Amino acid sequence: MYTKIFRAVIIGAPGSGKGTISDRIVKTFGFLHISSGDILRQNIIKNTDLGKKAQQYIASGQLVPDDIMTKTMIARITEVGNKSYILDGFPRNSAQADILAAREQIDAVINLDIPHDVIIERVKHRWIHAPSGRVYNIGFNDPKVAGKDDITGEPLTQREDDKPEVVSKRLQLYDELMGPVLAWYAERGLVTSFKGRETKEIWPRVERFLKDKVNMG
């Protein structure tokens with residue numbers, strides 16, 4: 001559909017709607033979505049050496065070390081070759097941004113700027129049916145019977161890390177981690193921020209921005 005090779009980084013806090021926006025970019029523009037989280041999960045499921053290492057860190061609540069993530073993501077980017085993509089979850093510090101810049105020309109950084117209180121409110125209303133992974137959002141995608149799974153009738157639970165105090169801490173850590181990355185890209189004039197409270201108001205602007213960018217040149 002679009003012939004110009006285009007490479008972007010998407011940045012957004014957990015719960016910002018980054019997954020939904022990324023899916024829409026893939027569907028609309030045919031870009032590949034290269035997600036560090038997905039790559040780690042696939043390796044953990046397949047029980048590869050990387051998966052085993054990653055699992056040890058994740059199980060103890062630590063971030064997977066930079067050198068492992070950098071090697072993994074650069075290998076995947078090399079594999080992708082001459083195709084348009086969006087990078088998600090990488091780079092996560094300026095050292096990784098330097099390594100990436102030495103290999104690839106990044107055309108744009110899409111920053112999803114959602115107020116923290118909106119994310120906390122959104123996640124607070126998220127309930128799951130743990131055995132199946134089905135997710136319900138109160139006020140948006142309610143279960144037919146309050147507190148019960150639609151299919152099995154079993155009780156719904158809230159993930160420990162979806163509780164407001166945990167989410168708030170996670171958002172604070174995210175800001176500390178990603179602030180320097182955004183600053184690194186902003187210095188190079190690559191960041192476009194999309195402010196909003198809901199994905200449906202942000203997506204049309206992201207779509208228009210990418211259409212303009214991809215059609216240039």
Side-chain angles (χ1 to χ4, degrees), residues 1-41 69 73 76-77 80-94 96-97 100-101 103-123 125-126 135 137 139-141 167 170-171 173-217:
M1 185 178 172
Y2 294 94
T3 52
K4 185 185 173 193
I5 301 296
F6 189 82
R7 293 174 174 140
V9 172
I10 188 165
I11 293 177
S16 65
K18 186 165 54 117
T20 305
I21 296 278
S22 296
D23 287 347
R24 289 184 186 181
I25 292 172
V26 169
K27 287 192 184 100
T28 308
F29 296 93
F31 293 2
L32 290 170
H33 179 210
I34 305 176
S35 158
S36 58
D38 288 351
I39 290 169
L40 286 179
R41 276 188 287 278
M69 279 318 305
M73 293 301 281
R76 178 70 184 118
I77 289 163
V80 160
N82 216 20
K83 292 187 183 127
S84 296
Y85 59 68
I86 37 169
L87 279 180
D88 176 355
F90 182 87
R92 64 183 186 197
N93 57 47
S94 48
Q96 288 179 339
L100 180 63
R103 299 183 56 101
E104 300 279 300
Q105 182 192 323
I106 295 299
D107 298 298
V109 174
I110 295 163
N111 177 41
L112 304 179
D113 186 1
I114 318 295
H116 284 191
D117 62 313
V118 172
I119 293 175
I120 291 167
E121 196 62 26
R122 189 183 287 173
V123 173
H125 294 299
R126 184 160 67 192
V135 178
N137 286 281
F140 169 65
N141 171 32
V167 176
R170 200 162 70 221
L171 291 171
L173 287 172
Y174 167 83
D175 283 348
E176 286 167 16
L177 188 69
M178 294 311 292
V181 178
L182 278 168
W184 192 96
Y185 280 117
E187 277 167 25
R188 289 150 182 84
L190 289 169
V191 177
T192 303
S193 290
F194 297 88
K195 291 188 180 203
R197 300 178 76 81
E198 292 183 45
T199 301
K200 66 183 179 191
E201 65 173 291
I202 288 174
W203 166 244
R205 285 183 272 140
V206 172
E207 184 181 26
R208 199 159 52 241
F209 166 77
L210 283 174
K211 277 185 176 163
D212 289 345
K213 281 278 187 190
V214 173
N215 286 329
M216 280 163 58

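Positions are given from 1, in the same order as the sequence printed here. Treat the numbers as computed from the prediction; the structure is a model and nothing was measured. Side-chain atoms are counted along with the backbone in the values below, which use heavy atoms only and exclude waters and symmetry mates.
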Pairwise distance CZ(R24) to CG(L210) - rounded to 0.5 angstrom: 13.5 Å
Expected output: side-chain R76 to main-chain S36 donor-acceptor under 3.5 Å: no
Cationic N near anionic O, under 4.0 Å, D107 to K213: no
Test side-chain contact (heavy atoms from CB on, under 4.5 Å) applied to F90 and I39, step by step: CA-CA 11 Å; F90 182 87; I39 290 169; over 6 Å; no
L112 versus S16, closest heavy-atom pair with distance: CD1-OG, 4.1 Å
Side chains of F31 and V214 in contact at under 4.5 Å (non-hydrogen atoms): yes
CG on L177 to CG on L182, rounded to 0.5 Å: 10.5 Å
Residue pair V181 / S94: nearest heavy atoms and the distance that separates them: CG2-N, 4.2 Å
Heavy-atom pair with the smallest gap, counting every atom of D117 and R197: OD2-NH2, 3.8 Å
From I11 atom CD1 to I86 atom CD1, the distance as rounded to the nearest 0.5 Å: 12.5 Å
For E207, side-chain contact (heavy atoms from CB on, under 4.5 Å) partners two or more places apart: T28, F29, W203, K211
Between CD1 on residue I34 and NZ on residue K83, distance to nearest 0.5 Å: 9.5 Å
Exercise: identify the closest heavy-atom pair between Q96 and N93: N-OD1, 2.8 Å
Atom of K195, atom of I202 and distance for their closest heavy-atom approach: O-CG1, 4.1 Å
Stepwise side-chain contact (heavy atoms from CB on, under 4.5 Å) test for N111 and Y185: CA-CA 11 Å; N111 177 41; Y185 280 117; over 6 Å; no
Rounded distance [0.5 Å steps], CD in E104 versus CD1 in I5: 10.5 Å
CA sep, side-chain torsions, deciding dist, call: V167, H116, side-chain contact (heavy atoms from CB on, under 4.5 Å): CA-CA 9 Å; V167 176; H116 284 191; over 6 Å; no
Residues D88, D38; criterion side-chain contact (heavy atoms from CB on, under 4.5 Å); working and verdict: CA-CA 9 Å; D88 176 355; D38 288 351; over 6 Å; no
Qualifying residues under side-chain contact (heavy atoms from CB on, under 4.5 Å), relative to R188, sequence neighbours excluded: W184, L190
Criterion side-chain contact (heavy atoms from CB on, under 4.5 Å) against L87, the qualifying member of L32, I77, V109, I10: I77
Min side-chain heavy-atom separation H33-I25 under 4.5 Å: no
Nearest atoms (heavy-atom pairs only) where L171 meets I120: CD1-CG1, 4.0 Å
